[in-house]
Amino acid sequence: MLRSLVRTVFNQNLIFKRFSSTANEYINVRIIDRDEKLVNAKAKIGSNMLDVVLDNKLDIDGFGACEGTLACSTCHVILEKENYKTLPEPVDEENDMLDLAYGLTPESRLACQIIVEPRMKDWLFVVPKVNENDSI
């Protein structure tokens, strides 16, 4: 039990150090919005991609309606295959919400679950169009 507790604390400290040392660092990411407009966005290391869209004041109607609580699929984004494969597996709750997303692809994720890392510099995130007959 003690070993498990020490391992948990050690791992949390590594995560804290990993993101705290880059807390004021930014990278550039590329986002294609629903109007197919390419936007270069400033992404803070350690934040999630939902916050990147909000921080850059991108006007994407309905994007992130649940504010990152894994209760909707409005922050659905599509990644390039090679980048998608490098992300951690989605949790069950994310998969459940993705099942509700319009335009789902094998490379779909929820932006609120993608944590920005330095290796993501210049990655492309595509916000799929929604069906005109559907509401967001």
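These numbers come from the heavy atoms of this one structure, side chains and all, not from hydrogens, waters or symmetry mates.
Between the side chain of Asn56 and the backbone N or O of Val52 there is at least one donor-acceptor pair closer than 3.5 Å. Judged by distance alone, the side chain of Thr74 and the main-chain N or O of Gly64 form a donor-acceptor pair under 3.5 Å. With hydrogens and angles ignored, the 3.5 Å screen pairs no side-chain donor or acceptor of Asp33 with any backbone N or O of Asp59.
Hydrophobic clustering of Ile, Leu, Val, Met, Phe, Trp and Tyr side chains at less than 4.5 Å, counting indirect connections, keeps Tyr84 apart from Met97. Residues Ile78 and Met120 do not share a hydrophobic cluster, clusters being chains of Ile/Leu/Val/Met/Phe/Trp/Tyr side chains in contact below 4.5 Å. A continuous path of ILVMFWY side-chain contacts below 4.5 Å connects Val127 to Trp123, so both sit in one hydrophobic cluster. Cluster annotation: Ile31 is connected to Ile45 through the hydrophobic network of ILVMFWY side chains, with a link wherever side-chain heavy atoms come within less than 4.5 Å. Tracing side-chain contacts under 4.5 Å through hydrophobic residues (I, L, V, M, F, W, Y), one never reaches Leu124 starting from Ile60; they form parts of separate clusters.
Considering CG of Leu100 and NE2 of His76, their distance stands at 11.5 Å, rounded to 0.5 Å. Atom CG of Asn95 and atom CD of Glu89 lie 8.0 Å apart (nearest 0.5 Å). Taking OG from Ser108 and CD from Glu94, the interatomic distance works out to 9.5 Å, rounded to the nearest 0.5 Å. With values rounded to the nearest 0.5 angstrom, Lys85 atom NZ is found 12.0 Å from Leu87 atom CG. Put simply, CD on Glu107 and CG on Leu79 are 8.5 Å apart, with the number rounded to the nearest 0.5 Å. In this structure, CG in Leu70 is found 8.0 Å from SG in Cys75, a value given to the nearest 0.5 Å.
The minimum heavy-atom distance between Ala65 and Cys72, with the atom names listed, is N-SG, 4.2 Å. Contact detail for Cys112 and Gly68: the closest heavy-atom pair is CB-CA, 3.6 Å. When every heavy atom of Ile27 is checked against every heavy atom of Lys121, the shortest pair comes out as CD1-N, 3.5 Å.
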Evaluation steps, side chain to side chain contact (heavy atoms under 4.5 Å, CB included), between Val39 and Ile32: CA-CA 6 Å; Val39 178; Ile32 295 180; over 6 Å; no
Take Asp51 and Val116 through the side chain to side chain contact (heavy atoms under 4.5 Å, CB included) test and state the conclusion after the steps. CA-CA 10 Å; Asp51 289 337; Val116 177; over 6 Å; no
Salt bridge (Lys or Arg N to Asp or Glu O under 4.0 Å) for Lys129 and Glu36? Distances and angles first, verdict last. CA-CA 8 Å; Lys129 286 186 175 188; Glu36 298 181 352; 3.7 Å; yes
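Residue Asn40 places its CG atom among more than 12 non-hydrogen atoms of other residues, nucleotides or ligands, all under 6.0 Å distant. Other residues, nucleotides and ligands contribute more than 12 heavy atoms inside 6.0 Å of the CD atom of Glu80.
With a 4.5 Å cut-off on side-chain heavy atoms, Arg109 and Pro90 count as touching. In this structure, Phe63 and Leu50 have side chains that are in contact, with non-hydrogen atoms separated by less than 4.5 Å. By the 4.5 Å heavy-atom criterion applied to side chains, Lys42 and Asn28 are not counted as neighbours. With contacts defined as side-chain heavy-atom distances shorter than 4.5 Å, the pair Leu38/Arg30 qualifies. Under the 4.5 Å side-chain criterion, counting only non-hydrogen atoms from C-beta, Pro128 is not in contact with Arg34.
By the 4.0 Å N-to-carboxylate-O rule, Lys44 lies too far from Glu25 to be salt-bridged with it.
Screening Ile114, Leu110, Val126 for a side chain to side chain contact (heavy atoms under 4.5 Å, CB included) involving Val77 leaves a single residue, Ile114.
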